[in-house]
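The block underneath contains the structure these notes are about, expressed in structure tokens.
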Amino acid sequence: MKFFVDTAEIEPIRELAATGLLDGVTTNPSLIAKSGRDFMEVTREICGIVDGPVSAEVVALDHATMMKEAEVLRKIADNVCIKVPLTVDGLKTCKALTSDGTMVNVTLCFSANQALLAAKAGASFISPFVGRHDDNGFDGMDLIEDIRLIYDNYNFATEILVASVRHTTHVLQAAKIGADVMTAPPKVIHDLFKHVLTDKGIEGFMADWAKTGQSIL
Ligand code: G3P
């Protein structure tokens, strides 16, 4: 499963990229606002840190203007992935862009039927929001299971990008279902490394090693 980080903050991206485990970045207008940075400038900077896809979202709601915005965004770097909302105009834009070889991430997906439409529109990625689905009394992971089943039934190449990930259990469930990608805030990715028994084990080994009086270097 590929790991994307869901942030527009440069330092956490650099830190995760340095682990060699980061496959891409997702941003959205709320994350850009939170960063306080200029959209174009910060997107260009992120694209220079990671080799994988960097999602940059259009903000227009009509197809014609989305296409114009996408034209500007895709010039930022070769690894820009244009993010469009799951609306009629968004999917029209997705179809036009992917037919032209541009990567597209269709966002704000909350139903398997919406995911089916996105795949038919040639989306490179579909982003079902599991956390927001859970918040509204549904099971976000049921949605991922349904999309996996449908995409496998028809051999759609669209990658399932599990988004709105709130905790490590979401990551585990997504991996068990066979989602292609997950995007999570930096903290959730860092939490994946942690286990109390790992910390305790290191503590014990270090204490015993100190008793030997030896050193490797
Ligand atoms: O990738 C989508 C994500 O940014 C939304 O997450 O936590 O705002 O629902 P959240």
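First listed ligand is number 1; within each ligand, the first listed atom is number 1.
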If you count heavy atoms of other groups shown closer than 6.0 angstrom to [atom1] of [X], is the number above 12?
| X | atom1 | answer |
| --- | --- | --- |
| D78 | CG | no |
| K194 | NZ | yes |
| D142 | CG | yes |

For [X], the ligand 1 atoms whose distance to one of its heavy atoms is below 4.0 Å:
| X | value |
| --- | --- |
| S164 | 1 (O), 2 (C), 3 (C), 5 (C), 6 (O), 7 (O), 9 (O), 10 (P) |
| A163 | 1 (O), 2 (C) |
| R132 | 5 (C), 8 (O), 9 (O), 10 (P) |
| F129 | 2 (C), 5 (C) |

**OP:** Starting from atom 7 (O) of ligand 1, locate the nearest protein heavy atom and write down its residue, its atom name and how far away it is, to 0.1 Å.
**Re:** R166 NE, 3.1 Å
Subject >> Shortest protein heavy-atom distance from atom 4 (O) of ligand 1, along with the residue and atom involved >> reply: D6 OD2, 2.5 Å
Checking the side chain of [X] only, and the main-chain atoms of [Y] only, is there a donor and an acceptor separated by less than 3.5 Å?
| X | Y | answer |
| --- | --- | --- |
| T107 | S127 | no |
| E45 | E41 | no |
| D180 | L161 | no |

Original post:
So is T26 polar-close to ligand 1, meaning N/O to N/O under 3.5 Å?
Top reply: no
**OP:** Looking only at distances, please establish whether an N/O atom of ligand 1 is found under 3.5 Å from an N/O atom of T183.
**Re:** no
**OP:** Give the intermediate values and the outcome of salt bridge (Lys or Arg N to Asp or Glu O under 4.0 Å) for residues E11 and R14.
**Re:** CA-CA 5 Å; E11 273 325 302; R14 278 195 201 288; 3.7 Å; yes
Original post:
What part of N28, side chain from CB on, backbone N/CA/C/O, both or neither, has a heavy atom under 4.0 Å from ligand 1?
Top reply: side chain
